[in-house]
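Below, all heavy atoms of this structure are taken into account, side chains as well, without hydrogens, waters or symmetry copies.
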Amino acid sequence: MRRFFRGRFADAERGAVLVITTMLFTAFLGIVAIVIDLGALRANARVDQSVADFAALAAGSGLADNNPTQACQDAVGYINTNANLPSVINKTTFCSTMGGSMCTGGAGLATPSTTVGRYTVSILYPVPASEIVDSHVTTGARVNDGLPCQRLRVTISSTQDTHFAAAIGRPSLSATRAATVRPWPVGIQKAPALWLLDPTGCTPLGVSGGSQVSVGTTAVPGIVSIDSNGTTCTGGQKTVTSSGAGTKVQAVPLTGTDHGRIQLYALPPNATVCSGFACDQADITGGRLVPQPQAVGVRATRSRVDDVFNCHSTYPSFHGIPIYSNCNPATTPPYIDNLKAAIGTSGAPAGYQQWTTGHSCNVASGTASVSGNWWINCPNFRVGNGTNVEFKNGNVVFDGNIVMTGGTLKFNTNNATANLPAGCVPPAVVTPCIGSASAAAAFVYLRAGDLDITGGVITVNHAMVYAKVGYVKINSSPPVWNAPTEGPFAYLALWCDMPSTSNSTNKFSMAGGAGVQLSGAFFTPEADPLGLAGGGTWGQQNAQFISYRLAVSGGGTLSLSPDPDKAVKTPTLAGSLIR
């Protein structure tokens with residue numbers, strides 16, 4: 001009996017083992033099936049991630065050019081070529097909503113999306129910070145994340161049928177991969193001697209009347225940069241012209257790996273000759289424009305000047321063209337705006353002497369040589385023949401026009417203080433020290449009015465001139481105008497905030513010829529144009545002109561070569577993945 005029950009139990013145990021083994025084997029097969037399908041999914045996801053990465057990078061150039069529609073089309077073009085789509089995506093139709101985003105005058109986000117076969121392709125622009133929070137960073141953001149309007153994201157989702165997992169109720173699996181790009185400065189930055197900002201019109205740079213302009217030296221390559229795409233040019237207009245017998249524009253050196261360049265945004269990519277509204281090939285063959293201009297894929301824009309001297313996280317559009325910040329206000333303060341706030345909108349700045357207490361607004365004759373900081377509360381501050389006015393060693397604020405018909409007017413020409421206090425120079429300074437000046441740094445602030453010089457000689461010695469609402473015209477003897485060499489405005493000779501609504505010809509001009517001496521950046525973003533005129537040889541000027549348009553005439557010879565270590569440089573931008 002004992003033997004009988006032992007046999008029955010043994011048979012039962014063997015049956016249970018078989019059932020358990022079968023169940024475990026089935027589960028094992030299920031796991032293996034899922035692993036195989038997941039492995040295939042991961043392999044496809046790696047391919048999708050690569051396509052998303054390179055599609056986002058392809059969008060970088062258009063994004064750097066503030067053209068999200070082009071950025072979108074470039075990304076879709078890459079996907080069409082490199083993803084295994086059953087049919088191509090119509091990139092024009094797909095990207096048609098990009099221009100309606102909050103970054104281009106519309107509202108909200110641009111979110112085009114489409115499904116082709118097993119792929120869903122989506123674009124997001126701009127990319128809010130909440131969309132790219134990085135859990136590995138304390139604040140959730142990285143230093144180079146930029147701003148929403150600087151970011152574009154490409155997302156690729158794909159679904160694939162399973163081979164084995166369908167047996168356990170999973171007929172398909174899906175994965176989503178994304179890449180976010182923003183423009184980022186790359187390579188060697190260049191300092192254009194002539195930098196013209198007109199985004200669409202003609203003619204940003206015109207040289208005529210036998211004038212000759214040469215930018216660069218054998219040691220420092222010369223750069224001419226013109227932002228206009230020529231879309232509003234008419235007839236035979238070009239974005240750059242060099243017309244008339246004896247006229248010449250050249251960027252030297254003409255040979256070598258690092259030669260001079262004339263960069264035209266209006267030229268098509270990879271163009272080797274002039275076409276369209278960019279330039280006239282006859283100017284090149286005639287030797288009036290040298291070397292052959294080359295296409296440049298992104299605009300220089302005014303943003304780089306703002307980044308250096310008036311950094312903000314966002315900037316208003318410039319004549320309809322969005323411009324983006326590539327600076328950090330936490331480390332580069334908005335010096336121009338902080339200066340305006342420190343000076344105030346009316347009355348004498350703290351510690352400034354009032355001119356009309358003891359001095360006439362109409363300095364008719366004689367000599368006035370004064371020290372310290374001054375507030376010139378004159379509707380018109382006039383200097384005429386036989387008059388010599390010298391502000392020897394301080395900062396000066398004007399609340400009216402400066403009108404010169406003769407005599408001399410000098411700023412910061414006899415300053416015994418060698419350097420600004422340590423707290424008044426970067427990186428320590430946030431608000432420019434309006435009570436301090438040195439032989440190397442001062443400022444002349446035109447709170448209201450124009451600088452209108454039709455006679456006499458003006459000398460600005462290591463001082464920055466800020467014109468809040470007026471224009472700057474020097475149609476007299478050649479000026480001597482040198483920018484500060486220290487402080488927050490180092491290398492900035494002139495900053496003019498005259499609004500675009502005040503645009504008109506002949507408001508901005510500077511006479512040259514023998515005896516002129518210029519250094520630093522002359523920033524006149526609304527000058528239409530800034531006219532440089534005067535015969536004779538100007539000599540080598542350590543200056544750069546950054547203007548809406550520029551016209552050179554009068555038959556003189558002008559040579560420009562900005563200091564490569566101090567001048568404002570155009571950013572060379574390329575797409576950089578940040579997520």
Would you say Y491's side chain and D563's backbone share a donor-acceptor pair under 3.5 angstrom? yes
Apply side-chain contact (heavy atoms from CB on, under 4.5 Å) to V429 and Y335, showing your working. CA-CA 9 Å; V429 65; Y335 294 123; 4.0 Å; yes
Nearest heavy-atom contact between A52 and I156 is N-CD1, 3.8 Å
Are there more than 12 heavy atoms of other residues, nucleotides or ligands under 6.0 Å from atom CZ of F54? no
Do T239 and S228 have a side chain donor and acceptor closer than 3.5 Å? no
Is there a side-chain contact (heavy atoms from CB on, under 4.5 Å) between Y119 and N84 once you walk through the steps? CA-CA 9 Å; Y119 289 95; N84 188 24; 4.1 Å; yes
Using modelled atom types and a 3.5 Å cut-off, is there a donor and acceptor pairing between side-chain atoms of R118 and backbone atoms of S158? no
Taking T332 for the side chain and P329 for the main chain, is one N or O donor matched with an acceptor at less than 3.5 Å? no
Heavy-atom pair with the smallest gap, counting every atom of Y315 and D307: OH-OD1, 2.7 Å
Output yes when a side-chain donor or acceptor of R288 lies under 3.5 Å from a complementary backbone atom of V207, and no otherwise. no
With side-chain contact (heavy atoms from CB on, under 4.5 Å) as the criterion, how do L109 and M102 come out once you've worked through the C-alpha distance, each side chain's angles and the decisive distance to 0.1 Å? CA-CA 6 Å; L109 309 177; M102 59 189 293; 4.1 Å; yes
Between K190 and D258, does a salt bridge (Lys or Arg N to Asp or Glu O under 4.0 Å) hold up when you go through it step by step? CA-CA 11 Å; K190 299 293 186 180; D258 200 12; 3.0 Å; yes
Flag the pair Y548 / F318 as yes when at least one side-chain heavy-atom distance between them is below 4.5 Å, and no otherwise. yes
When you check the side-chain N and O atoms of S303 and T301, is any donor under 3.5 Å from an acceptor? yes
In terms of relative ring orientation, are W495 and F309 parallel, tilted or perpendicular, with 30° and 60° separating the classes? perpendicular
Check for a donor-acceptor pair, side chain of D306 on one end and backbone N or O of C311 on the other, with a separation under 3.5 Å. no
Could you go through the salt bridge (Lys or Arg N to Asp or Glu O under 4.0 Å) check for K238 and D280 one step at a time? CA-CA 7 Å; K238 307 296 178 183; D280 188 344; 5.9 Å; no
Rounded distance (nearest 0.5 Å) linking atom CZ of F94 with atom CD of Q73: 11.0 Å
Is a side-chain donor or acceptor of T120 paired with a backbone partner of V116 at a separation under 3.5 angstrom? no
How far apart are the closest heavy atoms of G230 and A266, and which atoms are they? N-CB, 4.4 Å
Tell me every residue that passes side-chain contact (heavy atoms from CB on, under 4.5 Å) with P68, counting only those two or more places apart in sequence or in another chain. M98, T104, Y125
Which heavy atom of L560 sits nearest to which heavy atom of A193, and what is that distance? CB-CB, 3.8 Å
With respect to S157, which candidate in T176, D48, T115 satisfies the side-chain hydrogen bond (donor to acceptor under 3.5 Å, both in side chains) definition? T176
Can you check whether I132 reaches R151 side chain to side chain, under 4.5 Å on heavy atoms? yes
Salt-bridge contact D497-K340 (side-chain N to carboxylate O under 4.0 Å): yes
Compare all side-chain heavy atoms of I336 with those of F489 and state whether any distance is below 4.5 angstrom. yes
Which residue is it: V215, N542, T217? I am looking for the one with a side-chain contact (heavy atoms from CB on, under 4.5 Å) to S561. T217
Nearest atoms (heavy-atom pairs only) where S500 meets E526: CB-OE1, 3.2 Å
Pair T203-T241, side chain to side chain donor-acceptor pair (under 3.5 Å): steps then yes or no: CA-CA 7 Å; T203 298; T241 63; 4.9 Å; no
Could I get the full list of salt bridge (charged side-chain N to carboxylate O under 4.0 Å, His left out) partners for D227, not counting sequence neighbours? none
Just by distance, do the side chain of E131 and the backbone of P128 share a donor-acceptor pair under 3.5 Å? no
Does K566 reach the main-chain N or O of G520 with its side chain, forming a donor-acceptor pair under 3.5 Å? no
Is the shortest side-chain heavy-atom distance between Q544 and F523 below 4.5 Å? no
Quick one: does N310's side chain have a donor or acceptor within less than 3.5 Å of a partner on D337's backbone? yes
So, S225 versus T570: side-chain donor-acceptor pair below 3.5 Å or not? no
Distance-only polar pair, side chains of N67 and R299, donor-acceptor under 3.5 Å: no
Is there a side-chain contact between S113 and V121 in this structure, where contact means two heavy atoms from C-beta onward sitting under 4.5 Å apart? no
Between Q292 and V273, the two heavy atoms sitting closest are NE2-CA, 3.4 Å
Heavy-atom check, side chain of W195 versus side chain of S547, under 4.5 Å: no
Less than 4.5 Å apart, any side-chain heavy atom of V290 and any of V249? no
Please check if the side chain of R177 supplies one atom and the backbone of A175 the other of a donor-acceptor pair under 3.5 Å. no
Kindly indicate, with the supporting measurements, whether the criterion side-chain contact (heavy atoms from CB on, under 4.5 Å) is fulfilled by L194 and L550. CA-CA 8 Å; L194 300 179; L550 183 73; 3.4 Å; yes
Report yes if some heavy atom in the side chain of T431 is under 4.5 Å from a heavy atom in the side chain of L339; otherwise report no. no
